[in-house]
2 protein chains.
Amino acid sequence: MKSPTRTPTLEDVAQVAGVSRATVSRVINGQASVDVALRRKVLAAVEKIGYRPNNAARQLAGRRTGTVALVLSGSDGSAEEVLSDPFFGRITGGVVKHLRTQGNHPTLFLADSEATRLEAVDHVRRGASDGALLVSTHADDILPGLFVEAGLPAVLFARPALHAPISYVDLAHEVGASLAADRLVSRGRRKVVTIAGPTDVPAAQDRLTGFRKAMARHGHPHIPVAYGNFTRDSGETAMLQLLARVPDLDGVFAANDLMAAGALRALRDAGRTVPAQVAVIGFDDSAPARTAVPPLTTIAQPLEEMAAEMSRLLADQIETPGQDPQCTIFDPHLVERDSA
Amino acid sequence: MKSPTRTPTLEDVAQVAGVSRATVSRVINGQASVDVALRRKVLAAVEKIGYRPNNAARQLAGRRTGTVALVLSGSDGSAEEVLSDPFFGRITGGVVKHLRTQGNHPTLFLADSEATRLEAVDHVRRGASDGALLVSTHADDILPGLFVEAGLPAVLFARPALHAPISYVDLAHEVGASLAADRLVSRGRRKVVTIAGPTDVPAAQDRLTGFRKAMARHGHPHIPVAYGNFTRDSGETAMLQLLARVPDLDGVFAANDLMAAGALRALRDAGRTVPAQVAVIGFDDSAPARTAVPPLTTIAQPLEEMAAEMSRLLADQIETPGQDPQCTIFDPHLVERDSA
DNA sequence: ATGAAAGCGCTAACAC
DNA sequence: GTGTTAGCGCTTTCAT
């Protein structure tokens, strides 16, 4: 039986329950001051006619949308890869899970071009979402600036390259890198090199700096470095360069797992065994780290918790606009596997 | 300078441009019948005061939300893993990319419990989204039924286990399995076995059936089978069983890449070389297939295209409600790598 | 071609 | 404690 009847409104419920719209509204919104008898009548009426509050009407009358823009942008601008990347996956999962405890949900944006970035901002401007969660792995992102300018609630994953008065969560990258250094040294490595990420990415910078500092503390002031761009191939290339420059190297710290995996490949092709001859440590504890041969020892970020914190900071900001930016820094930990 | 002024409305634009709200509305919505001079005035005013149409108001006045619920549910109910799975990632990417060509965006739902499933339905019921895209890998999903019952626009990825009058896109799984069979046979394999997925998942059924049929055509009416649940570990276990039952096996078709990867591990531990002694073929062309050692020959689904088609079918349904369900079946293709 | 006005469904003052 | 009422910002007849 297909009933072409208009979907029921507050008014309908009021009619059926024999009360006013206001009363129904109060019941729906769980306000205290409603007589128990009436409340039950209303609830019964709601049940009976299958009433659901209309979202648009609610918003228009001054409530939240219950929606948050989740804006993802990878370094390479390729949309499909972003979402297949467990890094974004874990963050997204964490966001969804935390938001829904508040009855909210993320609307997904892939910011892979100027146009799509503007779309995301526009979406929030129109009030289609209450605010935005910005997760980007490239340096030159204009998004934070746009949101700040527009005075729209937004929280970043990772400190922005261009300083801006905006809330964010981040990892203590230097601490992570020093964990790697300590491990390498404690494994008896003396000829250690590193594969760094792009110099314009703050996280890459911090990891390199942290690693150098820690190695210096261990008595190794000079660490040969080659740069990659966080891809497997770039890691392989970097490893090749390093091998040429430092033939007798015995330890490698790569700024992410993908590059570490690339290094593994180069090492294997060069006939070096891991970890016997060369110890390798990655960063991120991503899926490739687990499936690498041998499995990678790596530095893990608590991505889900960080995602939850982002959501929390954003909710805060939506709740109380005009606050000062806040940031939360999380500690990484070492995941011991076979490669080092 | 932070200006605490109320965000501009249609009315404001009208005032500035010296026309009526109606005219502004017409310009905003690109209606033909507006004098060029006025149109320009309006546009100028819009530009000047930075006007953006309010979403809620628009919806309330009878338009679409511009949002679609994307409901993901993995077989195991674990939220984080779902989003780290490239399978869902590619689909999500495809959905985002296609939707945005229409100015729409997906709102993400993880349907990992009864409650979260109902939330997703509710979301659409309240008109917070215009319809839903349902992507589930488990068999007993009640979601399709809920949407059908509620008369809400929805499109499925994959044919539902429980038949329901609902649109979906799917793969010609049997064709895919026969591709695998042909390959194995053409590689000279005579003692072929298969690792199947859960019997209650239609896709798993079809892959098994298709494989058996194809092998029968090649003169092998009986194919030993072990069942897994699409995880790596279950694939390893299944392979072990098969190895015990058919010690001289020389070819394996696994119903997905993860199980194939598990099989690879079991094979290696058993001292068998791949592909020399045993050829292995997976299904899905997922990331693990590429990184497996050796890289897996596998059957690929055009996930992004399928995702786009889902979006298209849904848009259709939203546009013209009350249509008959439609479905589109896509053809898989063989991806040749080293394992077979 | 343009304007006036009637809602869309809900919330929140404000009265009773 | 409950009802009345005035919007929220927009689209859309309906006149003009």
Side-chain angles (χ1 to χ4, degrees), chain A residues 5-43 45-46 49-67 103 122-130, chain B residues 5-43 45-46 49-67 103 122-130:
Chain A
T5 45
R6 177 177 59 58
T7 106
T9 74
L10 246 204
E11 181 69 54
D12 299 331
V13 179
Q15 209 111 51
V16 173
V19 300
S20 75
R21 292 213 310 268
T23 299
V24 179
S25 177
R26 290 187 185 105
V27 173
I28 298 294
N29 295 301
Q31 296 207 20
S33 58
V34 177
D35 185 272
V36 182
L38 281 197
R39 149 170 274 111
R40 287 162 42 133
K41 259 201 231 173
V42 170
L43 259 16
V46 166
I49 67 180
Y51 167 76
R52 305 286 152 169
N54 175 301
N55 225 263
R58 268 195 160 167
Q59 289 171 221
L60 189 53
R63 309 252 305 208
R64 302 272 106 86
T65 68
T67 255
D122 226 59
H123 192 255
V124 181
R125 267 232 190 80
R126 299 157 111 85
S129 284
D130 300 323
Chain B
T5 46
R6 172 179 62 58
T7 106
T9 74
L10 246 203
E11 182 69 52
D12 299 329
V13 179
Q15 210 111 51
V16 173
V19 300
S20 73
R21 294 215 306 271
T23 299
V24 179
S25 176
R26 288 185 187 109
V27 172
I28 297 293
N29 295 300
Q31 297 206 20
S33 56
V34 178
D35 185 272
V36 183
L38 282 195
R39 146 170 277 112
R40 288 164 41 140
K41 259 200 235 177
V42 170
L43 258 17
V46 166
I49 67 180
Y51 166 75
R52 304 286 153 171
N54 175 298
N55 225 263
R58 268 195 160 166
Q59 289 171 220
L60 188 53
R63 308 252 308 210
R64 303 270 103 87
T65 67
T67 255
D122 226 57
H123 192 256
V124 181
R125 266 230 190 82
R126 298 158 111 85
S129 284
D130 300 323

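Chain letters run A, B, ... following the sequence lines, proteins first, then strands; residues in each count from 1. As a basis for the values below, the full set of heavy atoms in this structure was taken, side chains included, without hydrogen atoms, waters or symmetry mates.
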Contacts of type side-chain contact (heavy atoms from CB on, under 4.5 Å), residue A:Leu43, not counting sequence neighbours: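 Counting only residues at least two positions away or on another chain, A:Leu43 forms a side-chain contact (heavy atoms from CB on, under 4.5 Å) with A:Val27, A:Arg39.
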Listed partners of B:Asp130 passing side-chain contact (heavy atoms from CB on, under 4.5 Å), at least two apart: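 B:Asp130 satisfies side-chain contact (heavy atoms from CB on, under 4.5 Å) with B:Arg64, B:Thr65, B:Ile318 only.
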For DNA chain D, find the residues of residues 23-30 of chain A with a heavy-atom distance under 4.0 Å and give them by number; none if there aren't any.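 Heavy-atom contacts with DNA chain D come from A:Thr23, A:Arg26.
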Can you pull out the residues from residues 15-22 of chain A that lie within a 4.0 Å heavy-atom distance of DNA chain D?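 Heavy-atom contacts with DNA chain D come from A:Val19, A:Ser20, A:Arg21, A:Ala22.
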Scan for side-chain hydrogen bond (donor to acceptor under 3.5 Å, both in side chains) pairs involving residues 18-31 of chain B, sequence neighbours excluded, and state none if there are none.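 Found B:Glu11-B:Arg21, B:Ser20-B:Thr23, B:Ser25-B:Asn29, B:Asn29-B:Arg58, B:Asn29-B:Arg63.
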Bend angle of the helix from C:dA1-D:dT16 to C:dC16-D:dG1 from five-pair axes at both ends, rounded to 10°?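 Inter-axis angle at the ends, rounded: 40°.
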How close do [X] and [Y] get, counting heavy atoms only, and between which atoms?
X: B:Ala17; Y: B:Val42; result: CB-CA, 4.0 Å
X: A:Leu10; Y: A:Tyr51; result: N-CE1, 3.4 Å
X: A:Asp12; Y: A:Thr7; result: OD2-O, 4.4 Å
X: B:Leu60; Y: A:Ala57; result: CD1-CB, 3.8 Å

For DNA chain C, determine which residues of residues 49-65 of chain B have any heavy atom closer than 4.0 angstrom to one of its atoms, and list them numerically.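 When residues 49-65 of chain B is checked for heavy atoms under 4.0 Å from DNA chain C, the hits, listed by number, are B:Leu60, B:Ala61.
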Would you please name every residue forming a side-chain hydrogen bond (donor to acceptor under 3.5 Å, both in side chains) with [X], sequence neighbours left out?
X: B:Arg52; result: A:Asp122
X: A:Asp35; result: none
X: A:Thr67; result: none

Hey, what do you get for CG (A:Asn54) to CD (A:Gln59), rounding to the nearest 0.5 Å?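 If we round to the nearest 0.5 Å, A:Asn54:CG and A:Gln59:CD are 8.5 Å apart.
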Of all nucleotides in DNA chain D that come within under 4.0 Å of a heavy atom of chain B, which is furthest toward the 5' end and which toward the 3' end?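 Terminal contacting nucleotides, 5' to 3': D:dG9 to D:dT13.
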At the 4.0 Å heavy-atom cut-off to chain A, mark where contacts on DNA chain C begin and end, going 5' to 3'.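 Span of nucleotides near chain A: C:dG9 to C:dA13.
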